[in-house]
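Everything on this sheet refers to the single structure shown next.
For ligands, and for the atoms within them, numbers begin at 1 and follow the listed sequence.
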Amino acid sequence: MAEETIYQRLRRQGMSRRQFLKTCGVLAGVMGLQYAAPVVASGLPERLARTPGPARIVARALASKPRVPVLWMNFQDCTGCTEALTRSLSPALTDLVTNAITVEYHETLSAAAGVQAEENKQAMMKQYAGQYLLVVEGSIPTAADGVYCTIGGRTAVDLLQEAAAGAAAVIATGNCAAFGGIPMASPNPTGAKAAYELITDKPVAHIAGCPAIPEAFTGTLVHFITFGALPELDSLHRPLTFYGQTVHDRCLRRPFYDAGRFAESFDDEGARKGWCLYKLGCKGPTTYNACAGLKWGGGLSFPIQSGHPCLGCSEPNFWDRGGFYQGQSAPVGRPTITAAGAALGAGAVLGVAVALADLAQRKAIG
Ligand code: FSX
Ligand code: SF4
Ligand code: F3S
């Protein structure tokens, strides 16, 4: 018997066709898909054929594919990336994504433990060899033969390489998995490494940030579900849709930066008036992340909006670069971004704004 598709599962769980198509629009928005060319919707129900191009792309994928198996490995991290994702304030989105994937193994969320969990993982890797998505959270210790992190008596290095061997693709979520993060900060006692340093034969996407923005993770995941491949990445393997612009490019304090109005301390008149935090150490001009557009807590706020300079948490070595609150005497020049990056970044933010507005509307109408 053919495996149940994602769409069939959602229908079985009570989602109407109308809700399904609307949600596909939300997902397309999260992925920044509105610039994608429409596809021919042959063989689909009439309502689906009338759905706008990007939503139709997602709908076609969900209507034809079974759930994507996910293997989630936690190593040296604070679990903030899992926390951020599970506390994301887009429940409808989270709900759809959890229906579109099957998390076969996750150390911190799994109900199973010990031998049973390890046996489940082995069975899953065998059953879905070459098809599953591997998500890595945390850095991997390599010093002293890897003894600083062991699970079930095996080292993180060993477990990661075993899991990566059968994966179709890898998502390294958070700065720790992507670039080594805080565990790799000097003096790096555990010999921490990033996932890509140990996985050299599989595509790896970096959802950088400490922690990663949930919507950036979800958008990348949905891209994989839809297209069976990772989205376009920048030179540091971050999806361009979410990392194509700096925090500074979309910062709400940017007019003050341009006008040369800077807070000089956290309690001066400039700080109270919401002026630019550049002289208080803000790394926004050199940090590529979607915080200023997507924000956190379902679009509620982000560090700079709350009065704190950007620490550059989506960039390599952000902890060792330090100087978090070090005043900078003169502003850097306007950042240069590629036209492609700007278009993609703007597209993503617009898409998510539309998506969130749609979600709010759906909640309002029940
Ligand atoms: Fe690292 Fe994820 Fe920083 Fe934590 O677990 S990215 S320490 S907030 O969240 O890996
Ligand atoms: Fe915003 Fe920081 Fe840029 Fe100032 S320097 S505009 S606070 S990102
Ligand atoms: Fe990180 Fe800076 Fe955003 S510190 S959360 S990239 S504003």
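No donor-acceptor distance shorter than 3.5 angstrom exists from the side chain of Arg253 to the backbone of Cys276, with no hydrogens or angles considered. A donor-acceptor pair under 3.5 Å is absent between the side-chain atoms of Asn188 and the main chain of Ala185, judged by distance alone.
Listed by number with element, the atoms of ligand 1 under 4.0 Å from a non-hydrogen atom of Gly174 are 6 (S). Applying the 4.0 Å criterion to heavy atoms of Asp77 picks out, from ligand 1, the atoms 5 (O), 10 (O). Residue-ligand proximity, Leu311 to ligand 3, at heavy-atom distances under 4.0 Å covers atoms 2 (Fe), 4 (S). Taking a cut-off of under 4.0 Å to the non-hydrogen atoms of Trp296, the atoms of ligand 3 that pass are 5 (S). Near Tyr257, meaning under 4.0 Å from one of its heavy atoms, ligand 2 places the atoms 6 (S). Interface atoms of ligand 3 facing Gly312, defined by a heavy-atom separation under 4.0 Å, are 4 (S). Within the listing of ligand 1, atoms 6 (S) sit less than 4.0 angstrom from a heavy atom of Asn175. Against a heavy-atom cut-off of under 4.0 Å, Arg254 is close to the following atoms of ligand 2: 6 (S). Near Gly284, meaning under 4.0 Å from one of its heavy atoms, ligand 2 places the atoms 8 (S). In summary, the atoms of ligand 2 found under 4.0 Å from a heavy atom of Cys282, numbered by their order in the structure, are 2 (Fe), 5 (S), 7 (S), 8 (S).
Classification of the His308-Phe266 ring pair by plane angle, with boundaries at 30° and 60°, yields tilted. Below 30°, between 30° and 60°, or above 60°: for Phe262 and Tyr278 the angle between ring planes is between 30° and 60°, a tilted geometry.
Side chain to side chain, Glu315 and Thr286 fail the donor-acceptor criterion of an N or O pair below 3.5 Å.
Among the atoms of Cys81, an N, O or S atom is found under 2.8 Å from atom 2 (Fe) of ligand 1. Put simply, Cys78 stays out of reach of atom 1 (Fe) of ligand 1, with no N, O or S atom under 2.8 Å from it.
Between Glu269 and Arg272, no side-chain nitrogen of the basic residue sits less than 4.0 Å from a carboxylate oxygen of the acidic one, so the salt-bridge criterion is not met.
By heavy-atom distance, the residue among Ala172, Ser314, Cys176 lying nearest atom 1 (Fe) of ligand 1 is Cys176.
Scanning the protein heavy atoms around atom 5 (S) of ligand 3, the nearest turns out to be Cys291 SG, 3.5 Å. Summary of contacts: the protein heavy atom closest to atom 3 (Fe) of ligand 1 is Cys210 SG, 2.2 Å. Distance from atom 1 (Fe) of ligand 3 to its nearest protein heavy atom, with residue and atom name: Cys313 SG, 2.3 Å.
Ring centroid separation for the pair Phe179 and Trp319 does not come in under the 6.0 Å cut-off. Taking the ring centroids of Tyr243 and His237, they lie at or beyond the 6.0 Å cut-off.
For ligand 1, the polar-atom distance check against Glu137 finds a nitrogen or oxygen pair separated by under 3.5 Å.
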